[in-house]
Amino acid sequence: MKTIIEPFKIKSVEPIKFTTRDERERILKEAYYNVFLIPAEEVLIDLLTDSGTSAMSADQWAGIMKGDESYAGARSFYRFEKKVRELTGLKHIIPTHQGRAAERILFSIVGGKGKYVPNNSHFDTTRANVEFSGAEAVDLPTEEGKRPEVIADFKGNMDVPSLEAFIKKVGRENIPLCMITVTNNSGGGQPVSMKNIRETKSVCTKYGIPFFLDACRFAENAYFIKKREPGYANISVKQIVQEMFSYADGATMSAKKDALVNMGGFLAINDDKLATSARNLLIVTEGFPTYGGLAGRDLEAIAQGLDEILDEHYLQYRIRSVEYLGEKLTKAGVAILQPPGGHAIYLDAKRILPHIPPGEYPGQSLVAELYRVGGIRAVEIGSVMFGKYESDGQLIPARMELVRLAIPRRVYTQSHIDYVIEVVVETFEKRQALKGYEIVEEAPMLRHFTAKFSPMN
Ligand SMILES: *Cc1c(COP(=O)(O)O)cnc(C)c1O
């Protein structure tokens, strides 16, 4: 088999800025060791997120020019709606400015005190929106999904027996909907099998609970199903996507992921009454239902991106380039969440830095060091992001201490990735010298975005 190459050539380039180690040390300090507070210009390779960081295609840029900016009923909206409906089969397609806007609208209608929302694993904004409504966000990953060293095909799966037990425990009337996140972002970008989606749907149907997909990475998930799940090898990714959505009563989507755009999202639902309430809220906070906080050109680019994401050469390159990074790091002895996920490699900071306890944020330490060593920006997905406090102020650590290296779509080449490998391996070799961090300032919700840190002595 020949090398899997980037299935595109580069038409437009964006220079990246090189800094010295001394400059990076100063920049880190000025940002209180929180890489979210570092100006992007000072970052060499930005792996903070794959969200909204995709490179658009020539056809998407052409769509930007063709965008219809009419306030109501724009042509671009109808193209967007048609494309989303073609893939999801869902009745009401409601554009939003990004995924969390869809979540906020959905959970402010169905959430509230005394309600529970089960999910294979909530993403941070999803959890925040569920909890902001007063409801409780409940993660039900499988046992193998909780173990970063286990290699399995579908570690993103929902624990279906636990879901049923949970429904019986709290009562179906207290569960407004059940969600599956594809791929499972917080669980390591791991895919969910079609069988698991089907079984989850069947439990939901048994208890009369609507089933929703958090569909941000639907195409990556579908490609994994094609590669790994018996019976799907000869089915097109598009058909797999359509089958996945055929089980859903609704979906939330951040178009900043698998729609290959820099901004956008949608809420799609079958229920007429729910859709009416959602549109009413949309008008108050996002915009008229045919633009929902987006420009016509954005809707045009999303429609085009939803076509391009299904290109199987693209998906092969996408999944393989992440796997390549994972393989090289594993070979060098770096502990990562296995197997490599769809959009990112997750370094296992708990195993890499066993000398730093969770209360001193080993993931944060690794993130700061990757920037210091090579100007790489990663993100902590551990006790900084998901830690909570006991009433006496004691930290309840997250289940895992991960550092995510998210790969923007169509942005970096193989030599960029080779450089990343070199920096991670160098950091790994000097891991004994790394120290923990303490939080000196934080917000009550989503604290990782703005928290200020100080290195421990
Ligand atoms: C990014 C993401 C969201 C939120 O979308 P935004 O566009 O960032 O608001 C929700 N769920 C998952 C799984 C995501 O990856």
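Atoms within each ligand, like the ligands themselves, are counted from 1 in listed order. When a residue number appears, it is its place in the shown sequence, counting from 1. Side-chain atoms are counted along with the backbone in the values below, which use heavy atoms only and exclude waters and symmetry mates. Since the structure is predicted, the reported quantities are computational estimates derived from the model, not experimental observations.
Not a single N or O atom of Thr181, backbone or side chain, sits closer than 3.5 Å to an N or O atom of ligand 1. For ligand 1, one of its N or O atoms has an N or O atom of Asp214 under 3.5 Å away. The N/O atoms of Phe123, backbone and side chain alike, include none that comes under 3.5 Å of an N/O atom in ligand 1.
In terms of heavy-atom proximity, Gln364 sits nearest to Tyr33 at NE2-O, 2.8 Å. When all heavy atoms of Gly342 and Glu220 are compared, the pair lying nearest together is C-OE1, 3.6 Å.
Taking atom 6 (P) of ligand 1 as the reference point, the nearest protein heavy-atom neighbour is Gln98 NE2, 3.3 Å. Atom 7 (O) of ligand 1 has its closest protein heavy atom at Ser254 OG, 2.6 Å. Among all protein heavy atoms, the one lying closest to atom 10 (C) of ligand 1 is Glu103 OE2, 3.0 Å. In this structure, atom 4 (C) of ligand 1 lies nearest to the protein heavy atom Thr125 OG1, 3.3 Å.
In Arg100, the parts holding a heavy atom less than 4.0 Å from any atom of ligand 1 are both the side chain and the backbone. Using a 4.0 Å cut-off between heavy atoms, Thr126 contacts ligand 1 through its side chain alone, with no backbone atom that close.
Comparing Lys256, Met253, Lys257 by heavy-atom distance to atom 14 (C) of ligand 1, the nearest is Lys257.
Ring geometry for Phe80 against Phe77 counts as tilted: the plane angle lies between 30° and 60°, on a 0 to 90° scale. Using bins of under 30°, 30° to 60° and over 60° for the plane-to-plane angle, the ring pair Phe453/Tyr437 lands in the perpendicular bin.
When only modelled atom types and interatomic distance are considered, Thr330 and Gln338 share a side-chain donor-acceptor pair under 3.5 Å.
Contact annotation: Cys216 has at least one heavy atom less than 4.0 Å from an atom of ligand 1.
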Does the pair Glu243 and Tyr232 meet the rule for a side-chain hydrogen bond (donor to acceptor under 3.5 Å, both in side chains), with working shown? CA-CA 11 Å; Glu243 185 184 341; Tyr232 286 95; 3.0 Å; yes
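Aromatic pair Phe224/Phe154: centroids not less than 6.0 angstrom apart.
Within 6.0 Å of OH on Tyr32 lie no more than 12 heavy atoms contributed by other residues, nucleotides or ligands.
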